[in-house]
Amino acid sequence: MFAGFGKRATLAAMPELPEVEVLVRHLDPLLRGRRVKAVEVRRPRVLGPTSPSALSSRLPGARFERVERRAKYLIFHLRKGNRTRTGASEPSTFRLIGHLGMTGRMFVQPVKAPLPKHAAVVVRLDRGVFVYEDTRYFGRLTLDESSLAKLGPEPLNGEFTVEGFAAALKRSAQAVKVRLLDQSLVAGVGNIYASEALYRAGVSPRKAARRLRQDEVARLHGAVIAVLREAVEFGSTMPLDWSGQAGRDGLFYYGSAPDTAGYEERLRVYDRAGQPCGCCGTMIRRIAQAARSTFYCPRCQRS
DNA sequence: CACCATGTTCCTTG
DNA sequence: CCAAGGAACATGGT
């Protein structure tokens, strides 16, 4: 199916902005108009500060209106008609905030299908069952919106400007790779696309953020947008099965586009330590920064 | 058995 | 007060 999958196929799902975007596009038409019959919380920790009883009193009877994305978060818009004492109907809207953490998945499955082992929240609908499952339970499905307030500009809708990016980088002596993971600087970049964007821009991940020249800032800004946009496009070409998985391993961001001649691998440096750089042949290197892996080409990313 | 992986939040240190 | 660094969270794969 995929050439060159190798050992990377065993890596667990790692949702960053593009993966969440594709998931949202997948879920929106499935959930739109569906009414909640019941909710079952199997792992209260994933609700964050929201109590299981708060969720159980809010969700049943509500209808999904639409699903949207903000950074790596999913935002479910729901509407519920509240009855007043006079018997009149007073519709009220509220939002459910989802985050996949590192291993989370969300999908709509048939009523009769068995629930996955790590199902954290199960929402029974008028048609089908909406499941949030997460092996490590680092993600969230909650009524609490506080994390959204800390997010910086969205990279794909014009909010993310070169000027703002340059100003934010100037304030820090930290390595630029570490800064890219700060969601207040640009929201949605994770460990994989941070390495990819730096490689594409030809900027060393170790360079102090404030030392980037203007041309480097501009290239990095463009590279962040480009790698995310291309990943969304790539993921959009992958058919998802009923559980929301794409391809053999549910990892649409690994492997190759099915319609690409020669099955060229899409990620250039991530998880490629010891392999030759596709541009100059130098061995890709792996280093640790802020307790995370960074992959880069020491020749193409010298400054 | 020991160690590694991802994202976010919290705690400590300077 | 803020920047920066590191631990914790939970689980499974190697």
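Below, chains carry the letters A, B, ... as their sequence lines are ordered, and counting in each starts from 1. No experiment lies behind these values; they were computed from the predicted model shown.
In this entry the distance linking NZ of A:K150 with C1' of C:dC2 reads 16 Å, nearest Å. In this structure, CZ of A:R140 is placed 11 Å from C1' of B:dG7, rounded to the nearest angstrom. Straight-line distance from the CZ atom of A:R45 to the C1' atom of C:dA8: 9 Å, rounded to whole Å. What separates CG of A:L100 from P of C:dA10 is a distance of 18 Å, to the nearest Å. Rounded to whole angstrom, the span from the CG atom of A:D182 across to the P atom of B:dG7 amounts to 13 Å. Protein atom CG of A:D134 is 16 Å distant from nucleotide atom P of C:dC9, rounded to whole Å. As a whole-Å value, the separation of A:R70 CZ from B:dT8 P is 12 Å. Between the OH atom of A:Y193 and the P atom of B:dG7 there is a distance of 11 Å, given to the nearest Å.
If you check every strand for non-hydrogen atoms under 4.0 Å, A:F138 touches a base. At a threshold of 4.0 angstrom between heavy atoms, the contacts of A:R292 include nucleobase atoms, whether or not backbone atoms are also involved. No contact: A:A290 has no heavy atom under 4.0 Å from any strand.
Of all nucleotides listed (C:dT11, C:dC9, B:dG7), B:dG7 comes nearest to the side chain of A:K72. Here C:dT11 is the nucleotide among B:dG7, C:dA4, C:dT11 with the atom lying nearest to any side-chain atom of A:R43. For A:Y137, counting side-chain heavy atoms from C-beta on, the closest listed nucleotide (C:dA10, C:dG12, B:dT9) is C:dA10.
With ring centers used as reference points, A:F76 lies under 6.0 Å from A:F130.
Within the 3.5 Å criterion, the main-chain N or O of A:A71 finds a donor-acceptor partner in the side chain of A:R69.
Side-chain N/O atoms of A:R179 and base N/O atoms of C:dA4 include no donor-acceptor pair closer than 3.5 Å.
Annotation for A:K80 and A:P60: closest pair CE-O, 3.3 Å, computed over non-hydrogen atoms.
At C:dG5, none of the side-chain N or O atoms of A:Q289 fall inside 4.0 Å of OP1 or OP2 (strictly under the cut-off). In this model, the phosphate group of C:dA10 is not approached by any side-chain N or O of A:H118 to a distance below 4.0 Å at OP1 or OP2. Proximity of A:H99 to the phosphate of B:dG7: no side-chain N or O atom is located under 4.0 Å from OP1 or OP2. The phosphate of C:dG12 (OP1 or OP2) has a side-chain N or O of A:K117 nearer than 4.0 angstrom. Distances shown here put a side-chain N or O of A:S293 below 4.0 Å from the OP1 or OP2 atom of B:dA5.
The cationic atom of A:R43 (NZ for Lys, CZ for Arg) lies less than 6.0 Å from the six-membered ring centre of A:Y137 and within 45° of the ring axis.
Using cut-offs of 30° and 60° on the angle between ring planes, the pair A:F165 and A:H221 is tilted.
Contact check on A:E16 versus A:K72 returns no salt bridge, with no Lys/Arg side-chain nitrogen under 4.0 Å from an Asp/Glu carboxylate oxygen.
The same atom, P, is picked in C:dA10 and in B:dC11; the two are 15 Å apart, to the nearest Å.
Across all strands shown, C:dA10 has no partner, as no Watson-Crick or G-U wobble contact with both distances under 3.5 Å is found.
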